[in-house]
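Please read the structure below before turning to the comments.
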Amino acid sequence: MTEIFGENLIADQNAKLADRLAQDYEHLAGQLQHRGIDVEEITHKARAFAIAVPSWGTGTGGTRFARFPGPAEPRNVFEKLEDCAVINKLVRCTPSVSPHFPWDKVDDLDELKEHTDNLGLAFDAVNSNTFQDQPGQAHSYKFGSLSNTSQAVREQAIEHNIECIEWGKILGSNALTVWVGDGSNFPGQQHFVHSLERYLDSARKIYDAIPDDWQMFIEHKMFEPAFYSTVMQDWGTNVLCAMELGPKAKSLVDLGHHAPNVNIEMIVARLIQFRKLAGFHFNDSKYGDDDLDSGSINTYQQFLVFNELVDAEYRNAPDFDPAYMLDQSHNVTDPIESLMNSAAEVQRSFVKALLVDREALDEYQDANDALMAANTLKIAYNTDVSPILAMARMRSGGAIDPIATFRAADYRQQLASARPAAGGSSSGIV
Ligand code: RM4
Ligand code: MN
Ligand code: MN
């Protein structure tokens, strides 16, 4: 269905905006030149930026109260990938998709791989799911998975993760992301030490199945579905476990999985310093794991995270190759539009971080000039880099204005009869 977005549609839409973009770009180039920055160098780096899209983000999300699906939602992984191809066609910075198993499991994974290749996409980190029971499953995860008190449950969860690695190999992935919902709702319900010991025992077995050229990403989350304690609750427990497991294990930062007001950029710096930063699940939040669109609430925080990432690149930090992924839930927007917007918002933070005058910042820090150090970051953050983002997209074959181009194609309307609404319950997340 990506032919709806043939070269002509994008070119026609771009033609309407190209002159104005050229002017805005030139104006910005002049501003940056005064600051000793070559706009072409920045645009070049913007074009090389890539962030994976979550397969599960292509459907309308929901809350525990309700889900309000939109028209022509993808009904299976093949259709999810078609939507991902549309996203990449328009934004040109989302060339890979992160699958979630068993949600995306099909009998013929080779066929899925071929479909993905044909769409010009690749697979990113594979996500396992031991936070839900699946039909026909022998043991329940109601009281946890990798840390469950029952050995049989733990074995089933380990087995699933090992299967995910095998499936990921067929799909050309090179990382497994493990997030568990294990935890407790009552003080005293779980023995903190024993449950983490059980988690680690299980994680070691998964780690042993990780190929040498793969990585195991461990994802922490402070609360939900467990509301008193979670086994992998924060970056401290995460990095301790990653260190226990070995060099293939690293800590993944999902921006929504921290307590409010936590200094996430500093966590990122610490993980980089100890060579344990796996990558990110980008999203935004106001209260907790809200899974709001990246860049919708706290854009300064996202910029500060990228300031650490660009700084690490600049310093040639060892073992530094973080995976960028989106992980958000689209409850009230068209998921394709949200994912396009969010990918561009993350890219925006990256580009702004490239504009930081790092030599000047260094000097201000050494001289304890707090005000000018802060202003140095602000000069970069306050620069409107929209023309760079649009130019990068256009030069890569994408849309100057992805949302307007998407709307001009009337994609959902065109697919409405091919993708009838699936029946069943409309409550719940994902
Ligand atoms: C969790 C976590 C995981 C994601 C699931 C769907 O809160 O963020 O990364 O796989 O949601
Ligand atoms: Mn996540
Ligand atoms: Mn989450």
Side-chain angles (χ1 to χ4, degrees), residues 51-64 67 77 80 96-105 123-134 141 144-146 157 160-161 164 167-168 173 175-183 206 215-227 230-235 237-238 242 250-260 262 264 267-268 271 277-294 296-298 302 305 322-331 335 338-339 342-343 346 428-430:
I51 181 163
V53 163
S55 70
W56 61 101
T58 55
T60 300
T63 66
R64 62 205 167 96
R67 192 176 93 86
V77 64
K80 289 180 198 172
S96 59
V97 179
S98 198
H100 215 307
F101 290 128
W103 294 337
D104 295 329
K105 178 69 178 65
F123 281 105
D124 209 88
V126 172
N127 298 261
S128 60
N129 178 342
T130 60
F131 48 86
Q132 281 176 330
D133 288 346
Q134 303 300 327
Y141 295 133
S145 57
L146 296 177
H160 169 65
N161 276 279
C164 285
W167 298 337
S173 174
L176 171 74
T177 302
V178 182
W179 173 71
V180 294
D182 297 27
I206 300 166
Q215 290 187 316
M216 179 171 169
F217 297 169
I218 303 174
E219 182 177 357
H220 57 272
K221 183 175 177 184
M222 182 189 57
F223 79 109
E224 199 201 20
F227 289 112
T230 62
V231 172
M232 184 54 61
Q233 93 278 18
D234 63 11
W235 78 280
T237 302
N238 189 340
K250 289 188 171 172
S251 304
L252 183 128
V253 175
D254 182 314
L255 267 79
H257 290 190
H258 305 88
V262 161
I264 298 176
I267 293 172
V268 172
L271 290 174
L277 179 67
F280 295 87
H281 279 179
F282 283 106
N283 51 56
D284 216 337
S285 62
K286 179 92 181 133
Y287 302 104
D289 188 29
D290 305 321
D291 278 323
L292 299 177
D293 287 17
S294 296
S296 60
I297 310 272
N298 197 346
Q302 192 171 273
V305 166
Y324 298 149
M325 273 169 272
L326 293 169
D327 182 10
Q328 35 187 57
S329 177
H330 315 109
N331 299 338
S338 266
L339 287 166
S342 298
V346 178
I429 307 175
V430 297

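Computed from a predicted structure; not experimentally measured. Every number for a ligand or one of its atoms is a count from 1 in the order of the listing. Atoms considered below: every heavy atom in the structure, side chains included; atoms not considered: hydrogens, waters and symmetry mates.
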Just by distance, with hydrogens left out, do Trp56 and Asp104 show a side-chain donor and acceptor under 3.5 Å apart?
-> no
Among N, O or S atoms, Asp289 approaches the Mn ion (ligand 3) most closely through OD2
Have Asn283 and Ser285 got a donor and an acceptor in their side chains that come within less than 3.5 Å?
-> no
N, O or S atom within Glu219 nearest to the Mn ion (ligand 2), by name | OE2
Can you tell if the side chain of His100 reaches within under 4.5 Å of the side chain of Pro54, non-hydrogen atoms only?
-> no
For ligand 1, indicate whether the residue Asp289 contacts it via side chain, backbone, both or neither (heavy-atom separation under 4.0 Å).
-> side chain
Hey, is the Mn ion (ligand 2) within less than 2.8 Å of some N/O/S atom on His257?
-> no
Test of proximity, His281 against ligand 1: N or O pairs below 3.5 Å = yes
Check: Asp124/Ser96 side-chain N/O donor and acceptor closer than 3.5 Å = yes
Taking just the N, O or S atoms of Asp327, which one is nearest to the Mn ion (ligand 2)?
-> OD2
Is the shortest heavy-atom distance from the side chain of Phe280 to the side chain of Val305 under 4.5 Å?
-> yes
Could a heavy atom of Glu224 be found less than 4.0 Å from some atom of ligand 1?
-> no
Mind checking whether Asp254 has an N or O less than 3.5 Å away from an N or O of ligand 1?
-> yes
Close side-chain approach of Asn127 to His281, heavy-atom, < 4.5 Å = yes
Please determine if Asp327 has a nitrogen or oxygen closer than 3.5 Å to a nitrogen or oxygen of ligand 1.
-> yes
Numbered atoms and elements of ligand 1 in range of His100, under 4.0 angstrom, heavy atoms = 4 (C), 6 (C), 10 (O)
Classify the side-chain pair Asp234/His220 by whether it contains a donor and acceptor separated by less than 3.5 Å.
-> no
His257: numbered ligand 1 atoms lying under 4.0 Å from its heavy atoms = 2 (C), 7 (O), 8 (O)
Under 4.0 Å from ligand 1, counting heavy atoms only, is it the side chain of Asn129, its backbone, both or neither?
-> neither
Do ligand 1 and Asp291 have nitrogen or oxygen atoms that lie under 3.5 Å from each other?
-> no
Ser342-Gln328 side chain donor-acceptor pair, cut-off 3.5 Å = yes
Any side-chain heavy atom of Leu146 sitting closer than 4.5 Å to one from Ile206?
-> yes
Nearest heavy-atom contact between Lys221 and Trp179 is CB-NE1, 3.4 Å
Just distances here: any N/O of Trp103 and N/O of ligand 1 closer than 3.5 Å?
-> no
Roughly, to 10 degrees, what angle do Asp254 atom OD2 and His281 atom ND1 form around the Mn ion (ligand 2)?
-> 110°
